[in-house]
*Asks:* 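A single structure is presented below for examination.
Predicted model, so just to flag it, every value in this text is computed and none were measured.
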Amino acid sequence: MSDTHCSLHGEKLLLFCEHDKEPLCLVCQTSKKHRNHSVCPVEQAALDLKEELKPALNLIKEKLKRFTEVEQECKETAEHIRSQAQHTERQIKAEFEKLHQFLREEEEARLAALMEEEEHKSQIMKEKIENITGHISTLTDKITAIEKAMDTEDTSILQSYKNIKERAQCTLQDPELLSGALIDVAKHLGNLKFRVWEKMQEMVQYTPVVLDPNTAAPCVSLSDDLTTVRYTGTEQKCPDNPERFKPSVHVLGSEGFTSGTHSWEVKVGNKPRWAIGVVKESISRMGKITYSPKKGFWVLRLRHGNEYYASGPAGLTMKRKPQSIRVQLDYARGEMSFFDSSDMSLIYTFKDTFTERVFPYFGPGLKEDKDEGPLQICPVKISVKVMSNQ
């Protein structure tokens, strides 16, 4: 029987029981089961139910759309991961090649020094041997001549005695071995790895803070060694991961702090606009930034080339325009200080209580500043100190 007809009475299903949520024929309506139930035409019931289902359907469609979007983002992220890995692999190989080249050159230089010493001392020893050999030959000739004369007849030896005695005279000093003739092995091998490592400091730099490219806004560019950031004006394709700033033009350091004292120096040059400091980990990375300690920003800013701000609308009075800023964090004391690196004069100190991890923060400026150079984290001087056992 057709689905449009009642299975009990064979009549057409024209009504809908709102109580039991099922379609009825006219006979069913008069039955005891549905006698006191509210009914309406099936057309009206169908329209009502469709309207009732629309919000749920729309919600599912929105959910599907979001899942589809996230699926696409995940695919793009997977591709970005491959690209990151390939780029990082190239950088690692390039850095190790520099180290390998340094070690090869250092090995060649030290082997050349060893060969030079060997040649020099071998030449000295050769000359010494030649000199001794000459004396040996002279002495041998003397001995042979004297012995020959001594084997002659008595009269003959007496006649030539005076001459033989003169030949028997020997004024040569006894030969001595040369001091320092051997290869100075200790000079070549002593603390060899340490000396090479010590010299390696000339080509190795250390920066106390490096940038995290996964937090960088799409329109900024980081150097390969992750120590400089500049505004490019061109948005790069990168995942919208939760750690990334967008659209704000910022980037964070790779390591956060929950204790201790930390400092780093940032070269700002003559840029007319920048922002540096620390921010708490939980700040919002999306949308407009409000610089305030209450919002988790302990930041020194420059605007319009000569307006410095640390907190609130009031500007700071500066003696001169610093080219480099020392940033100093004392987590336990709740102090965030900024100094002019040229003379370490204090610019400003935030005093607060840090309750979560904070990260170094860098804002390189906007599009009108892109030709003014990057913000650069300065390397620190490396020193090796050998401690005495005494």
*Asks:* Above 12 or not: heavy atoms from other molecules or residues under 6.0 Å from NZ of Lys128?
*Replies:*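 For Lys128, atom NZ is crowded (more than 12 foreign heavy atoms under 6.0 Å).
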
*Asks:* Could you go through Phe257 and Arg357, starting from their C-alpha distance and side-chain angles, then the distance that decides it, and tell me whether this counts as side-chain contact (heavy atoms from CB on, under 4.5 Å)?
*Replies:* CA-CA 5 Å; Phe257 309 118; Arg357 188 180 301 274; 5.8 Å; no

*Asks:* If two hydrophobic side chains count as joined below 4.5 Å and joins carry through other members, does Val327 share a cluster with Leu329?
*Replies:*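 Per the 4.5 Å side-chain linkage, Val327 and Leu329 are co-clustered.
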
*Asks:* Salt-bridge test for Arg326 and Asp340: reply yes if a basic N is under 4.0 Å from a carboxylate O, no otherwise.
*Replies:*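 Salt bridge absent between Arg326 and Asp340.
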
*Asks:* What are the two closest non-hydrogen atoms of Trp264 and Pro208, and how far apart are they?
*Replies:*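 Nearest heavy atoms, Trp264 then Pro208: CB-CG, 3.8 Å.
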
*Asks:* Would you please test Lys98 and Glu95 for salt bridge (charged side-chain N to carboxylate O under 4.0 Å, His left out) and show each step?
*Replies:* CA-CA 5 Å; Lys98 292 176 185 177; Glu95 290 301 312; 3.3 Å; yes

*Asks:* With side-chain hydrogen bond (donor to acceptor under 3.5 Å, both in side chains) as the test, would you mind laying out the steps for Asn131 and His135 before giving the verdict?
*Replies:* CA-CA 6 Å; Asn131 181 266; His135 289 314; 3.3 Å; yes

*Asks:* Begin with the C-alpha distance, continue with both residues' side-chain angles, and end with the deciding distance and a verdict on salt bridge (charged side-chain N to carboxylate O under 4.0 Å, His left out) for Arg110 and Glu106.
*Replies:* CA-CA 6 Å; Arg110 290 177 180 272; Glu106 188 66 17; 2.8 Å; yes

*Asks:* What is the minimum heavy-atom distance between Phe102 and Lys199, and which atoms define it?
*Replies:*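 Closest approach of Phe102 to Lys199: CZ-C, 4.1 Å.
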
*Asks:* Evaluate the criterion side-chain contact (heavy atoms from CB on, under 4.5 Å) for residue pair Ile347 and Leu316; output intermediate values, then yes/no.
*Replies:* CA-CA 8 Å; Ile347 298 173; Leu316 300 174; 4.2 Å; yes

*Asks:* Are Ile60 and Leu53 connected in the hydrophobic side-chain network, where two residues link if heavy atoms are under 4.5 Å apart?
*Replies:*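 Different hydrophobic clusters.
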
*Asks:* If you measure from the Lys or Arg side-chain nitrogens to the Asp or Glu carboxylate oxygens, is any gap between Arg104 and Glu107 under 4.0 Å?
*Replies:*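 No.
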
*Asks:* Quick one: does any side-chain atom of Thr232 pair with a main-chain N or O of Cys219 as donor and acceptor, under 3.5 Å?
*Replies:*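 Between the backbone of Cys219 and the side chain of Thr232 there is a qualifying donor-acceptor contact (under 3.5 Å).
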
*Asks:* Carefully, step by step, assess Thr207 and Val210 under the rule side-chain contact (heavy atoms from CB on, under 4.5 Å).
*Replies:* CA-CA 7 Å; Thr207 51; Val210 294; 3.5 Å; yes

*Asks:* Taking all heavy atoms of Asn306 and all of Leu302, pick out the closest pair and write down the distance.
*Replies:*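 Between these two residues, the closest heavy atoms are N-CD1, 3.6 Å.
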
*Asks:* Check for me whether the distance between the ring centres of Phe362 and Trp274 falls short of 6.0 Å.
*Replies:*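 No: the rings miss the under 6.0 Å criterion.
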
*Asks:* Determine whether a donor-acceptor pair (N or O, by modelled atom type, separation under 3.5 Å) exists between the side chain of Thr138 and the backbone of Gly134.
*Replies:*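 Indeed, once roles are kept as given, a pair shorter than 3.5 Å links the two residues.
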
*Asks:* May I ask you to check whether over 12 heavy atoms, not counting those of Glu198, lie within 6.0 Å of atom CD?
*Replies:*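 Atom CD in Glu198 is packed in, count exceeds 12.
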
*Asks:* Would you find a donor on one side and an acceptor on the other, under 3.5 Å apart, between the side chain of Thr215 and the backbone of Asp212?
*Replies:*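 Here the side-chain-to-backbone pair exists.
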
*Asks:* For the hydrophobic clusters of this structure (ILVMFWY residues joined by side-chain heavy atoms under 4.5 Å, transitively), does one cluster hold both Ile377 and Phe339?
*Replies:*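 They do not share one cluster, since no chain of ILVMFWY contacts under 4.5 Å joins Ile377 to Phe339.
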
*Asks:* Start with the C-alpha distance between Lys187 and Glu117, add both sets of side-chain angles, then the distance that settles side-chain contact (heavy atoms from CB on, under 4.5 Å), and finish with yes or no.
*Replies:* CA-CA 11 Å; Lys187 180 184 72 173; Glu117 183 179 359; 3.6 Å; yes

*Asks:* Starting at SG of Cys28, measure out to NE2 of His37 and round the result to the nearest 0.5 Å.
*Replies:*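 Answer for the SG-NE2 pair, Cys28 versus His37, is 12.5 Å.
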
*Asks:* Report whether Phe338 and Met318 are members of the same hydrophobic cluster (ILVMFWY, side-chain heavy atoms less than 4.5 Å apart, transitive linking).
*Replies:*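 Shared cluster, yes.
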
*Asks:* Between the side chains of Glu105 and Gln101, is a donor N or O closer than 3.5 angstrom to an acceptor N or O?
*Replies:*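 Note: Glu105 and Gln101 side chains meet the donor-acceptor criterion.
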
*Asks:* Determine yes or no for a side-chain-to-main-chain donor-acceptor pair under 3.5 angstrom, with Gln123 supplying the side chain and His120 the backbone.
*Replies:*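 No; zero donor-acceptor contacts below 3.5 Å.
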
*Asks:* Side-chain heavy atoms nearer than 4.5 Å, only ILVMFWY residues, links allowed to pass through others: does that put Ile183 and Met115 together?
*Replies:*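 No; Met115 is not reachable from Ile183 via cluster members.
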
*Asks:* Looking at Phe297 versus Tyr291, is the centre-to-centre ring distance below 6.0 Å?
*Replies:*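 That pair passes the under 6.0 Å test.
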
*Asks:* Compute the centroid of each ring, for Tyr331 and then for Phe354, and state whether the two points are separated by less than 6.0 Å.
*Replies:*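 Tyr331 vs Phe354: aromatic centres under 6.0 Å.
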
*Asks:* Please state whether the rings of His100 and Phe96 are parallel, tilted or perpendicular, taking 30° and 60° as the class boundaries.
*Replies:*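 It falls in the tilted class, 30° to 60°.
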
*Asks:* Just by modelled atom types, is the Leu182 backbone N or O under 3.5 Å from a matching donor or acceptor in the Lys121 side chain?
*Replies:*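 Such a contact is found between Lys121 side chain and Leu182 backbone.
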
*Asks:* Which pairs of donor and acceptor atoms, one on a side chain in residues 238-251, lie under 3.5 Å apart (sequence neighbours left out)?
*Replies:*
from	atom 1	to	atom 2	distance (Å)
Asp240	OD1	Lys246	NZ	3.3
Asn241	OD1	Arg244	NE	3.0
Asn241	OD1	Arg244	NH2	3.1
Asn241	ND2	Asn214	O	2.9
Asn241	ND2	Glu243	OE1	2.8
Arg244	NE	Pro239	O	2.8
Arg244	NH1	Pro213	O	3.2
Arg244	NH1	Ala216	O	2.8
Ser248	OG	Gly287	O	2.9
His250	ND1	Tyr361	OH	2.6
His250	NE2	Tyr361	OH	3.2

*Asks:* Does atom CZ of Arg303 have more than 12 heavy-atom neighbours from other groups under 6.0 Å away?
*Replies:*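 Atom CZ in Arg303 is crowded, with more than 12 foreign heavy atoms closer than 6.0 Å.
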
*Asks:* If the threshold is 4.0 Å, N to carboxylate O, is there a salt bridge linking Glu307 and Arg273?
*Replies:*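 No salt bridge links Glu307 with Arg273.
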
*Asks:* Does one side chain, of Ser282 or Glu356, offer a donor that lies under 3.5 Å from an acceptor on the other?
*Replies:*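 A pair is found: one side chain offers a donor N or O, the other an acceptor, under 3.5 Å apart.
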
*Asks:* Below 4.0 angstrom, N of the basic side chain to O of the carboxylate: do Glu89 and Lys93 qualify?
*Replies:*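 So Glu89 pairs with Lys93 through a salt bridge.
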
*Asks:* Could you tell me whether Arg90 and Asp224 have a side-chain N and a carboxylate O separated by less than 4.0 Å?
*Replies:*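 Looking at Arg90 and Asp224, the cut-off is not met.
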
*Asks:* Keeping the roles fixed (side chain from Ser337, backbone from Gln328), state whether a donor-acceptor pair exists under 3.5 Å.
*Replies:*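 Such a contact is absent between Ser337 side chain and Gln328 backbone.
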
*Asks:* Is it the case that over 12 heavy atoms from other parts of the model lie below 6.0 angstrom from the CD atom of Glu116?
*Replies:*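 At most 12 heavy atoms, drawn from other residues, nucleotides or ligands, come within 6.0 Å of this atom.
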
